[in-house]
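What follows is a single structure, written as structure tokens, with notes after it.
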Protein chains: 2
Amino acid sequence: MRVKRDDAAYRCYFGSDPAVVLKLEAFTSLSKDNRAALSSISRNIRYVDARRDLISEGDKPRFVHLVLDGWACRYKTLPDGKRQIVSLFVPGDFCDLNVYILRHMDHSIGAITRLKVAMITPDEMGSLTAERPRVTQALWWHELVTVAIQREWTLNLGQRSAYERLAHLLTELYLRLDAVRRARDGRCDFPLTQNDLADATGLTSVHVNRTLQELRRDALIELERKQLHIRDLKRMMDVAMFNPNYLHLDHEGRHLNANS
Amino acid sequence: MRVKRDDAAYRCYFGSDPAVVLKLEAFTSLSKDNRAALSSISRNIRYVDARRDLISEGDKPRFVHLVLDGWACRYKTLPDGKRQIVSLFVPGDFCDLNVYILRHMDHSIGAITRLKVAMITPDEMGSLTAERPRVTQALWWHELVTVAIQREWTLNLGQRSAYERLAHLLTELYLRLDAVRRARDGRCDFPLTQNDLADATGLTSVHVNRTLQELRRDALIELERKQLHIRDLKRMMDVAMFNPNYLHLDHEGRHLNANS
DNA sequence: CGTCTGGTTGATACGACTCAAATTTGGTGG
DNA sequence: CCACCAAATTTGAGTCGTATCAACCAGACG
């Protein structure tokens, strides 16, 4: 008998929690009940092909999206054709809590890889938060961390050199993947092209290429075939001036821990 | 007899609401009752001298801050001494809804001018939102706009030239001040030094200086004695590739309008 | 096998930085 | 009211990091 891997019951029973739960538990641990509620909210599933938009600038937002598998990015384009990736989503990330308050999207969300997302209705979100204060707290934490990351990107673009900037971005993504158990021993999937990296760091792809070579030469990373290996995380954080406090991954809500 | 809310004569006669109310009413108009609740939440007042911190990185956040008067900035510093202003606050802006969920501030908030802020306790916020769903909606809108601005800054730093970047920042601030009636006929107070502008745009103050001169030479702005005059807003938005949709100032919540 | 996307290399150009000094402005006290 | 000082702005000369443009190469795919 085969059991489908993304069956919520399966996950709850056999232990491998979905990425959201892992992510939110970096803030506070959750009761079995709350974990189940979070898992079962992901019933309305949609797949998006790599390089297609999940939602585009100008669209009316109808759902909260939750990334179950794959990577996505939020991007904005300028009339002169320039494009900036303003954030990246990895499994366990909500795209936009409460977006549906707004009339129109002011940016697009595109799939980097083939993407599996849950589409959650305002009503579902409403009843989740109404019934589960602890989950609500955790979602607030998620929101605050998301903005904190956005601010760190602002700092990254404004003050760090190309070399530091790339080192910082790679480190951040590694740590975020690690938090949802998608990284190990300094290694993780890394589906971004050098072009994506360029759009995310405000550099050209040519310069990204040369700078990655420098990082490799300095024995900080290996990066090929969509696999990233951070060879020396400590030194990497050093050169990137990486201060992990903005990720707030340190179980800051542990005083709320569930009696579970 | 009904009077339109944004009729200047009405305001002159009846006196004007505090900046928060003006700001939130860019989203949805509020009942007298809700307006009063918002005004009266600002009872615990604190003054901060220009160039002093309101709260510093590492501090435990205890209050939600609301800027009543003056300008402030959120900034982050790097171990090598570089500093990035990641956001600016003008009257009517909340500094951080819900921050107190986090253990430590990952950035500092500093006063640009002498500052008058309301310090709101978590409890006060809680009862405000518990009793007033419409205000809660408006606060959510405030939050979403704040993040949208942060994303636009990311785009600004990543893709716009110095000239476009400064034009964009000046335009944004002008429009934000306009929304709380602190601007008129293209003119507004503008207390930022060229150094502040440099820290906010990721440029050096020398280059900011030269670029401002260009903007003046092109008859786009006047800027002296802490007064900004945008001489041609339309052309300014053009050169800055300024798309105002991210500010969501267009009464997007008008379907919720109070007693209207 | 041809095509396409992503990665790599080289030569050259330019926008923004650095450093250093001069000038103006605004505030303060005599 | 003026003299003084610190902060902010302005100017100049020289340099550097990153962009631009144009090829070329490798692997994936149909």
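Worth knowing before you read on, the calculation uses all heavy atoms, side chains too, and leaves out hydrogens, waters and symmetry mates. Protein chains get the first letters and strands the later ones, always in sequence-line order, with residue 1 at the start of each.
- For the contact set between residues 71-90 of chain B and DNA chain C, defined by any heavy atom under 4.0 Å, there are no members.
- Nearest to the side-chain atoms of A:R210 among the listed nucleotides C:dA11, C:dA16, D:dT10 stands C:dA11.
- A:R216 comes within contact range of the sugar-phosphate backbone alone, with a heavy-atom separation under 4.0 Å but no base atom that close.
- In this entry the distance linking CG of B:N195 with P of D:dA7 reads 12 Å, nearest Å.
- For B:R225, the CZ atom is loosely surrounded, since the number of other residues' heavy atoms within 6.0 Å does not exceed 12.
- Across all strands shown, A:T193 has heavy atoms under 4.0 Å from sugar-phosphate atoms exclusively, and none from any base.
- When heavy atoms are screened at a 4.0 angstrom cut-off, B:S161 is found touching the sugar-phosphate backbone but no base atom.
- The environment of CZ in A:R46 is crowded: more than 12 heavy-atom neighbours from other residues, nucleotides or ligands sit within 6.0 Å.
- For B:L223 and C:dT25, the CG to P distance is 14 Å, given to the nearest whole Å.
- Distance B:E214 CD to C:dA16 P: 9 Å, rounded to the nearest Å.
- The interatomic distance linking A:L212 (CG) with D:dT18 (C1') rounds to 15 Å, in whole Å.
- Side chains of A:N156 and A:E152: a donor-acceptor N/O pair is absent below 3.5 angstrom, by distance only.
- Considering only side-chain atoms of B:L203, the nucleotide from D:dT10, D:dA19, C:dA16 that sits closest is C:dA16.
- In this structure, A:L197 atom CG and D:dA19 atom P are separated by 13 Å, rounded to whole Å.
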- Query: Would B:D69 and B:Y47 count as a side-chain hydrogen bond (donor to acceptor under 3.5 Å, both in side chains) if you check the C-alpha gap in whole Å, the side-chain angles of each, and the deciding distance to 0.1 Å?
  - Reply: CA-CA 9 Å; B:D69 209 19; B:Y47 291 87; over 6 Å; no
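- Comparing A:V206 and A:A162, the nucleotide of DNA chain D nearest to each residue sits closer to the 5' end for A:A162.
- Proximity of A:N209 to the phosphate of C:dG7: no side-chain N or O atom is located under 4.0 Å from OP1 or OP2.
- Rounded to a whole Å, the CZ atom of B:R160 is 18 Å from the C1' atom of C:dA16.
- A close approach under 4.0 Å does occur between a side-chain nitrogen or oxygen of B:R225 and OP1 or OP2 of C:dG26.
- Rounded to a whole Å, the CD atom of B:Q159 is 16 Å from the P atom of C:dG15.
- A donor-acceptor contact closer than 3.5 angstrom is absent between the side chains of B:Q150 and A:Q150.
- Using a 30° and 60° split on the angle between ring planes, A:Y246 and A:H168 fall in the parallel class, below 30°.
- One atom, NE2 of A:H207, and another, P of C:dT8, lie 15 Å apart when rounded to the nearest Å.
- Which of D:dT10, D:dA8, C:dT9 sits closest to the side chain of A:Q213 comes down to C:dT9.
- Between A:Q227 and A:D189, the side chains place a donor N or O and an acceptor N or O closer than 3.5 Å (distance only, hydrogens not considered).
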